[in-house]
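Model, not experiment: these values are computed from the prediction. The figures that follow rest on heavy atoms only: side chains count, while hydrogens, waters and symmetry mates do not.
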Amino acid sequence: MQSWGLNTYLYGPKDDLKHRLLWREVYSLEEEGQLRILIKEAQSRGVTFVYALSPGQDIVFSSSCDLTLLKRKLRQVSDLGCQAFAVLFDDIDHSLCQADSEAFSSFAHAQVTITNEIYRFLGEPPVFLFCPTEYCGSLCSPSVSKSPYLQTVGEDLLPDITVIWTGTKVISRKLSVDCLSEVESVLQRPPLIWDNLHANDYDSRRLFLGPFKGREPQLRSNLRGLLLNPNCEFEANYIPLHSLGSWYRSGKEERKDEECEYCPDRALSAALHDWMEELNQPLQAGRQSSRADQRSSAQTPRCQTPDRSDCPPTLVDRLPVFPLNSSSPPSSPTKVKVETEGEKKTSNQPQGPRPGAPSGGGRGQKAQGWGGLGGGKGLLSESQVRLLVGLYYLPHEYGLSGQKLLQDLSWLKANCHLVSANSKKTAPQKIDEWRGRSSRVLSLCEDIAQLHCSVVGGANRAVLYDLYPYVWDLRNTALVAKAFICWLDGRVLSDSSALGTWKNCFHLCGKTPGADLLGVESEPWAFKGGVSGEVQMLLPIGSSNELFTHPPPLFPTSRLYNIRPYHSKDKLELYRMVRQLHLRTQGVQESSALHPDVIGDRCLGPCLVLSPEYCFILEDELGVCGCVLGILDVRMFAKRCQASWMPAMRDKYPTKGGNTHPNPQDLIQLMEEDQGEYPESLLFHFPSQLRLDALPELVDVSVSRTLLTAMLTALKANGSQGVFCEVQPTDRQRLEFLTKLGFLEILRGEARSREGVVLGRLL
């Protein structure tokens, strides 16, 4: 039995045999030089460089030509100084071609024969790894102890060749001595564990920052070694590797007191303590220090421009545009003072007004709930990093913050009837309990938004570029969840809804959280997305992945955003905002003859007055900066417009005796056209409508998408089965924006204006 230590392995390129061997038999001189340097650099740092090949998909095992090419390739790498090799037969078909079936008694026999031949050809190198096709307990047929494949490997594979094993599963939650003893008996040698605990290449929304866990140090006597398959993102592996070192050292300690025993929580705390020192260091992508060149952290002067572009907007025919894209770079980072979950003390009793209520005021005032904000770059605090780790913990479990978020969201979803708009009287203590839990969820969502800003505004750009896609995704999902929880209080309808019921809607979301499904018998890819995915699935439109999964923006921005339901105090600011946008897009000056409410009354007024519960506000540190308007039932809305809104507008803009509008009759006619009828064939499938409006111009287009998603969530929660939006055919930005969110063209030329295009999507 070989002695075992905590060796560090660096895997070289995992070549596909046909593409690299048959079509390009050897490396070019340039590639050869690069590979030689890499091998020498690894050796100089005490790292064992392992060159791995995966020939199983293409090789004809009985072909002497294929075997010669394979040997030639490996000999070339060996001549470059490589002394460790691996032949991998994982994740391939078990079948043999006709020639191989005649030459070998089984699939395992063919693999073992080739592997032994290569091993001898290379002079029996000290490190030679073999990955079987049945590399974990769940892939063995019929079981580990009775698998003919593993029995052949154990009997025929040369004893000094090490066999790779991942445990009971591809991603094993725990590794026990009993399970390893079983596979050791079949393989006739201790296995080398290829540990996929922190591998995240199977889910683009998950990252694993938790400690090495579920592997007792006593396993060492049953192993030839252990390889940790890390996160794809280099900077995300500090805690996994640091805690692996703690695990290894605890197994070597002769003392058996409590402090020498491995504890994942203590290992996490120790890793966090050391990582904090590095997290706030000025490192660029590729781990190059920017201290020697401070100019690299500033990039170009463009990085000091604001989040909204000052470029002239394009002209439109009649209504303000909804700018969606920007060529502007991100704003300068904002220093954020964060109150983290560990520092906050929340109570089950509601504090102050109902969650989501605005503070009022204009763009010059700070939005509610932002905490302390100032200029300059922010530093990630240890409590923020603990929050991050808790949200991106391990494949089979979430950390404390992730668990609390999902538990509270599940409870709020199941009990939202307590605060529904048309429910019978509910006991005050029940309402207080609901609002107390909602306050905790809103507080945690704010912490996530602050975490996003700190990551973007931090000095360590290497960490930023590796972690940003995940933090950005979680931030967006948290924005929708926060807006939806605020909206539920007093706006969700109970069973008497005309279009449907909230119970039917939430039934589609499923009753069991994904964390409960990810038990010992499940692989973690059974439920996609981790915490972000589970929060998404707790929302009424959680199955609409196109609303949640998008690539992050090219330019990360540290601007702090919030999405919440509309309140009557927002009307004045929204009217001012849409008036300024209209004047800019039309290229005209504000006229004293024009009533200041004309644009707002036409674009926003009907929805703000008759459908305020489906209007959502986007705000940043300065206040309101955008909105999206929704109508649950267009038929009913049109009737109410004719009954109350249009008479009010005729009184406000009389045809005689005033100068509120140069042509009041034309204005009234335009307003009537705006609320024109839609075909019954459209409203049968798409009974709801959305209307968009925002200030120019957001670097992070996902914020606009998230704003729209929040509104669609509310429509779906109250029973809508489909929504449509009318767009001018020349408005390519808005057409592209809606198309990417799953909207399809439904009507052209049959909408309220001759040239209008109607796009719709089912909910």
Checking side chain to side chain contact (heavy atoms under 4.5 Å, CB included) for the pair Tyr262/Ser243: CA distance, chi angles, key distance, verdict?
CA-CA 9 Å; Tyr262 180 74; Ser243 57; 3.7 Å; yes
Does one side chain, of Asn460 or Gln281, offer a donor that lies under 3.5 Å from an acceptor on the other?
no
Look up atom CG in Asn222 and atom CG in Leu175, then write down how far apart they are to the nearest 0.5 Å.
11.0 Å
Exercise: do Tyr470 and Asn200 side chains pair donor with acceptor under 3.5 Å:
yes
Residues that Cys136 engages under side-chain contact (heavy atoms from CB on, under 4.5 Å), provided they are two or more places apart:
Ser138, Leu139, Thr166, Val170
Any donor-acceptor N/O pair, Arg249 side chain to Leu244 backbone, under 3.5 Å:
no
Checking the side chain of Ser172 only, and the main-chain atoms of Lys169 only, is there a donor and an acceptor separated by less than 3.5 Å?
yes
Can a salt bridge be assigned to the pair Glu397 and Lys213 using a cut-off of 4.0 Å between side-chain N and carboxylate O?
yes
Over all atoms of both residues, closest heavy-atom pair of Tyr393 and Leu268:
CE1-CD2, 4.4 Å
side-chain hydrogen bond (donor to acceptor under 3.5 Å, both in side chains) between Lys482 and Asn562, worked out
CA-CA 9 Å; Lys482 181 173 181 285; Asn562 183 42; 2.7 Å; yes
State, yes or no, whether a side-chain contact exists between His550 and Asn476 at a heavy-atom distance under 4.5 Å.
no
With heavy-atom distances below 4.5 Å as the criterion, would you say the side chains of Pro565 and Ile617 are in contact?
no
Could you check whether any side-chain N or O of Arg215 sits under 3.5 Å from a backbone N or O of Arg173, counting only pairs where one atom can act as donor and the other as acceptor?
yes
From Leu207 CG over to Asp466 CG, what is the distance, rounded to the nearest 0.5 angstrom?
8.5 Å
Can Ile193 and Leu227 be said to form a side chain to side chain contact (heavy atoms under 4.5 Å, CB included), step by step?
CA-CA 6 Å; Ile193 291 296; Leu227 300 176; over 6 Å; no
Under 3.5 Å, is there a donor-acceptor pair between the side chain of Gln218 and the main chain of Val177?
no
Examine distances only and state if a side-chain atom of His198 and a backbone atom of Gly210 form a donor-acceptor pair shorter than 3.5 Å.
yes
A side-chain contact here means heavy atoms from C-beta on lying under 4.5 Å apart; do Trp525 and Pro395 qualify?
no
Just how far is it from atom CE of Met276 to atom CD of Gln384, taken to the nearest 0.5 Å?
8.0 Å
Do you know which two heavy atoms are closest between Trp472 and Pro553, and how far apart they sit?
NE1-CD, 3.3 Å
How long is the straight-line distance from CG of Leu412 back to CZ of Arg440, given to the nearest 0.5 Å?
8.5 Å
When you look at Phe548 and Met537, which way does the side chain to side chain contact (heavy atoms under 4.5 Å, CB included) test go after all the steps?
CA-CA 11 Å; Phe548 294 90; Met537 292 306 296; over 6 Å; no
pair Trp194-Asn229: side-chain heavy atoms closer than 4.5 Å
yes
Taking NZ, NE, NH1 and NH2 as the nitrogens, is one of them in Asp620 or Arg559 under 4.0 Å from a carboxylate oxygen of the other?
yes
Test side-chain hydrogen bond (donor to acceptor under 3.5 Å, both in side chains) applied to Gln536 and Asp473, Asn545, Thr477, the passing residue
Asn545
Between Arg386 and Ser269, is there a side-chain donor-acceptor contact under 3.5 Å, judged purely by atom types and distance?
yes
Can you see which heavy atom on His567 is nearest to which on Arg564, and at what distance?
N-NH1, 4.3 Å
Between Ser176 (side chain only) and Cys179 (backbone N and O only), is there a donor and an acceptor less than 3.5 Å apart?
yes
Flag yes if more than 12 heavy atoms outside Gln429 fall under 6.0 Å of its CD atom; otherwise flag no.
yes
Are the side chain of Arg435 and the backbone N or O of Val419 linked by a donor-acceptor pair below 3.5 Å?
no
Measure the shortest side-chain to side-chain distance between Phe484 and Pro540 over non-hydrogen atoms and say whether it is less than 4.5 angstrom.
yes
Would you name the heavy atoms of Leu180 and Leu219 that are closest together and state the gap between them?
CD1-CD2, 3.5 Å
Taking the side chain as everything from C-beta on, heavy atoms only, tell me whether Asp274 gets closer than 4.5 Å to Tyr238.
yes
Looking at every non-hydrogen atom in both residues, tell me the closest pair between Asp203 and Gly529 and how far apart they are.
OD2-N, 2.7 Å
Could you grab the distance from atom OG of Ser439 to atom CG of Asp408, nearest 0.5 Å is fine?
10.5 Å
What I want to check is whether the side chains of Glu534 and Tyr398 have a donor and an acceptor closer together than 3.5 Å.
yes
Any side-chain donor near an acceptor of the partner, Trp434 and Asp432, under 3.5 Å:
no
Measure the CG-CG distance between Asn237 and Leu209 for me, rounded to the nearest 0.5 Å.
8.5 Å
When you look at His452 and Val456, which way does the side chain to side chain contact (heavy atoms under 4.5 Å, CB included) test go after all the steps?
CA-CA 6 Å; His452 171 270; Val456 175; 4.0 Å; yes
Is there a donor in the side chain of Gln450 and an acceptor in the side chain of Arg475, or the other way round, less than 3.5 Å apart?
no
Can you find a pair of side-chain heavy atoms, one from Lys404 and one from Leu400, that are under 4.5 Å apart?
yes
Heavy atoms only: give me the nearest Pro524-Tyr202 pair and the separation to one decimal.
CG-OH, 3.4 Å
Would you say Trp275 and His242 make side-chain contact, with heavy atoms under 4.5 Å?
no
